[in-house]
Amino acid sequence: MKIVVIVKEVPDTYGERRLDLETGLADRAASEAVLDEIGERALEVALAYADSHDDAEIVVMSMAAESAAATIRKGLAMGAASAVHITDPGLAAADLGLTARTLAAAIRRTGFDLVIAGNLSTDGSGGVVPAMLAELLDVPNATALSSVEIAAGSVSGTRNIDGATVRVKAELPAVISITEALPDARLPNFKGIMAAKKKPFETLSAADLGIEPEDLSVAMSIMTAIAEKPPRAAGVKIIDAGDGGTRIAEFLIENRLA
Amino acid sequence: MTDHPADAILVVLETTPNGELATSAAGLLGAASRIGTPVALAVVAPGQAPALAEQAAALGAATVLVVETTSTHAELTVPQVDALAAAAAVVAPHAVLISNSIDGRDVAGRFAARSGAAIAVDAIGVSRDDEGIVAHHSVYGGAYNVDSAATFGPLVVTVRQGAVDARAEARPVAIESLDVSPSGAASAAIESVEAVTETSSRPELRGATRVVAGGRGLGSTEKFALVEDLADALGAAIGASRAAVDAGYIPANHQVGQTGVSVSPQLYIALGISGAIQHRTGMQTAKNIVAVNKDPDAPIFEVADFGVVGDVFTVVPQLISALAERKR
Ligand SMILES: Cc1cc2nc3c(=O)[nH]c(=O)nc-3n(C[C@H](O)[C@H](O)[C@H](O)COP(=O)(O)OP(=O)(O)OC[C@H]3O[C@@H](n4cnc5c(N)ncnc54)[C@H](O)[C@@H]3O)c2cc1C
């Protein structure tokens, strides 16, 4: 069973996240980069399966800036067997379509029984890449799973959509995405960190995958405008002196909110 | 086959598990009406098309393309994508608007990948300029406004639920049935669907004008009832922090924030919520923010219009009785 886990490097959400107003891209210098938490949880799903199945081979894959290599390596330290890092200056401003085509090409090249991704990334928050990958790879999609059971030839799980809980099952190969209802990832230990140094780490360019980022015959989504909104200013803060509730009621009534 | 308007905007209607038109339809058709002529697509169980088409027309659909099939009960995503591909071929729309729900994103993603169309996700609105359709996004918790457009061809847009206030005028019902040849693309099987009936009469979180949210500071499921009491006093929807959801005080669909729901209500009251950046991301565009927290340094006060440093268990009951007092 070959499991490809898609991870992403994102600006740490605990810091301030900024967009570069010139390029519209995430300002990487403004905040520390980390492995997206949801990607770590996706990796944990694969690792938990591998804990009890010796035939499982886990590949972490990411399309990211060159500087993301160290972040991707954390996936190896956590227990993945190998890593594929797709990096190319031509992909820096990739839209969702180009991202999906590039990842699909890399997944095809690596080979897979199961692809696991997070349901939403914490930066772009797209949430459509897993379904796009499924279409491009011509396999089923089972997204937003809050529980996952991997079997020899299939994957099943539960998805909580608006108004219903749905049980789904896909024959492998398949693409799934998982939600943050699934467990937090294990921490890499010292042994894992040492072992990671010897694990295969493949770096691929767009050309290696037969992808032409500047192909103008393909429709793309482009950013046409960007503006920063002024930050919100704090208002009144009072210490409750026994009348805090009444004061809130007055505030609400004054502002016609109650 | 009827001719479709040159400025057609294809709107994918969503249905609830029991076959009714989902609430997202009004905003999608409203948004579509501002940039062209809304043509709706309904993929429904046999027999449901007339009722659904009537509702869609009342919300502004000029034409409702219907596909009656049971395959959507058995297969995930692919039957809707096949129907959408057929509809797009007939209509040649300038844009395809789809709800940014879990199912909507899957349909949008697979359709865009299949048709090679540009895709814009989580838009809070759409407009049209000289060069075509523009999607408007609010990113990083409302800190930036970003516009996006397709280099050419139709733009597939997923629209944030509850974000569009525009409503279209009702139109006469025009139904057109659509032939779909299945693509045969592999799909996941739907094994069971269990409707989750929200028995509450409270407003839905998305699109609510008032939200009362509780965090870990409430301490237990029993004590979380305080949040519900205040919400009911104000006719507000209930929100929560991820910590409150993780602790099991309230189901995950009430989570506000980066990985939960984004809300922009008139009033947001945060009780026992520290105001971590991932929570603020989902609520800091509220018009008025009130916070109660016993820690004077809690970051929630940085965005609060009115903050009370105090214990929720004394402040909130007093607030509830003050509100009740006023009603009398
Ligand atoms: C990738 C990622 C995504 C995330 N997404 C989200 C998200 O979508 N939404 C979200 O909310 N969080 C999210 N988080 C989690 C977030 O970082 C915080 O952990 C979470 O918001 C904290 O919830 P809280 O404020 O309820 O709890 P805490 O931070 O523990 O705060 C509890 C507060 O209650 C106060 N308090 C305690 N008792 C009382 C009392 N009696 N009266 C008054 N005040 C009291 C305390 O002073 C404290 O400030 C995410 C985190 C990550 C890493």
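Not measured: the values here are computed from a predicted model. A, B, ... follow the sequence lines: proteins, then strands. Residue 1 opens every chain.
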Selection from B:Ser321, B:Gly310, B:Ala236, B:Ser187 maximising heavy-atom pairs under 4.5 Å formed with chain A: B:Ser187

Interface moiety of A:Ala100 toward chain B, non-hydrogen atoms closer than 4.5 Å: neither

From A:Arg159, A:Met132, A:Glu135, residue fulfilling side chain to side chain contact (heavy atoms under 4.5 Å, CB included) relative to B:Asp106: A:Arg159

Straight-line distance of B:Phe306 CZ to A:Glu250 CD, nearest 0.5 Å: 8.0 Å

Part of B:Ile289 lying under 4.5 Å from any heavy atom of chain A: both

Separation between CG of A:Asp243 and CG of B:Leu319, rounded to the nearest 0.5 Å: 12.0 Å

For the student: nearest non-hydrogen atoms of A:Ala234 and B:Phe301, plus distance: CB-O, 3.5 Å

Portion of A:Ala233 that has a non-hydrogen atom of chain B nearer than 4.5 angstrom: backbone

Choice from A:Leu216, A:Asn141, A:Ile161, A:Val129 maximising heavy atom contacts with chain B below 4.5 Å: A:Asn141

Donor-acceptor pair, side chain of B:Gln318 and main chain of A:Gly242, under 3.5 angstrom: yes

Which portion of B:Ser183 sits near chain A, non-hydrogen atoms under 4.5 angstrom: neither

Top contributor to chain B contacts, counting heavy-atom pairs under 4.5 Å, from A:Thr246, A:Ile238, A:Ile226: A:Ile238

Top contributor to chain B interface from A:Asp162, A:Leu136, A:Asn255 [non-hydrogen pairs under 4.5 Å]: A:Asp162

Residue pair B:Val315 / A:Gly244: nearest heavy atoms and the distance that separates them: CG1-C, 3.8 Å

A:Asp95 versus chain B, the contacting section by heavy-atom distance below 4.5 Å: neither

Residue among B:Val245, B:Asn288, B:Thr16 with most heavy-atom pairs under 4.5 Å to chain A: B:Asn288

B:Ala304 backbone acceptor or donor facing A:Lys237 side chain under 3.5 Å: no

Which portion of A:Asn160 sits near chain B, non-hydrogen atoms under 4.5 angstrom: backbone

Proximal component of B:Val303, with respect to chain A [non-hydrogen, under 4.5 Å]: both

Which atoms of A:Ala174 approach chain B - backbone, side chain, both or neither, heavy atom under 4.5 Å: neither

Close side-chain approach of B:Val292 and A:Ile248, heavy atoms under 4.5 Å: yes

side-chain contact (heavy atoms from CB on, under 4.5 Å) between B:Thr314 and A:Asp240, intermediate numbers included: CA-CA 9 Å; B:Thr314 56; A:Asp240 180 28; 3.9 Å; yes

Part of A:Leu98 lying under 4.5 Å from any heavy atom of chain B: neither

Top contributor to chain B contacts, counting heavy-atom pairs under 4.5 Å, from A:Ser156, A:Ala227, A:Ala170: A:Ala227

Within 6.0 Å of NZ in A:Lys169, more than 12 heavy atoms from elsewhere: no

Proximal component of B:Lys287, with respect to chain A [non-hydrogen, under 4.5 Å]: backbone

Test side-chain hydrogen bond (donor to acceptor under 3.5 Å, both in side chains) applied to A:Thr224 and B:Asp147, step by step: CA-CA 5 Å; A:Thr224 55; B:Asp147 290 350; 4.6 Å; no

Crowding at CD, A:Glu212 (>12 non-hydrogen neighbours, <6.0 Å): yes

For chain B, the option from A:Gly163, A:Pro230, A:Ala249 that forms the most heavy-atom pairs under 4.5 Å: A:Gly163

Contact summary for A:Pro140 and B:Ala188, nearest pair of heavy atoms: CB-N, 3.4 Å

Neighbour count above 12 (heavy atom, 6.0 Å) for B:Glu131 CD: no

A:Ser221 (side chain) donor-acceptor with B:Ala150 (main chain) under 3.5 angstrom: no

Check: B:Ile119 and A:Val128 side chains under 4.5 Å, non-hydrogen atoms: yes

Largest heavy-atom contact set with chain B, pairs under 4.5 Å, which of A:Leu133, A:Val168, A:Ile176: A:Val168

Chain A contact via B:Glu325 - side chain, backbone, both or neither, heavy atoms under 4.5 Å: neither

Among the listed options B:Ala118, B:Ala112, B:Ala135, B:Ala189, the residue most often paired with chain A at heavy-atom distances under 4.5 Å: B:Ala189

Interchain contact, B:Val156 with chain A, by part (heavy-atom threshold 4.5 Å): neither

Check: B:Thr259/A:Glu180 side-chain N/O donor and acceptor closer than 3.5 Å: yes

Whether A:Arg232 side chain and B:Ala286 backbone form a donor-acceptor pair below 3.5 Å: yes

Closest approach of A:Ala131 to B:Arg105 (non-hydrogen atoms, all atoms of both residues): CB-O, 4.5 Å

Leading residue by heavy atom contact count with chain A [cutoff under 4.5 Å; candidates B:Ala185, B:Ala143, B:Ala233, B:Ala149]: B:Ala149

Proximity breakdown for B:Glu204 and chain A, heavy-atom pairs closer than 4.5 Å: neither

Winner by heavy-atom pair count (cut-off under 4.5 Å) against chain A, out of B:Gly142, B:Ala22, B:Ser138, B:Gly104: B:Gly142

Interatomic spacing from CG in A:Leu257 to CG in B:Leu234 - rounded to 0.5 Å: 9.0 Å

Max heavy-atom pair count under 4.5 Å with chain A, selected residue of B:Ala113, B:Ala252, B:Ala108, B:Ser192: B:Ser192

Steps toward salt bridge (charged side-chain N to carboxylate O under 4.0 Å, His left out) verdict (A:Glu37, B:Arg242): CA-CA 14 Å; A:Glu37 187 202 67; B:Arg242 186 167 89 172; 3.0 Å; yes

Portion of B:Arg280 that has a non-hydrogen atom of chain A nearer than 4.5 angstrom: neither

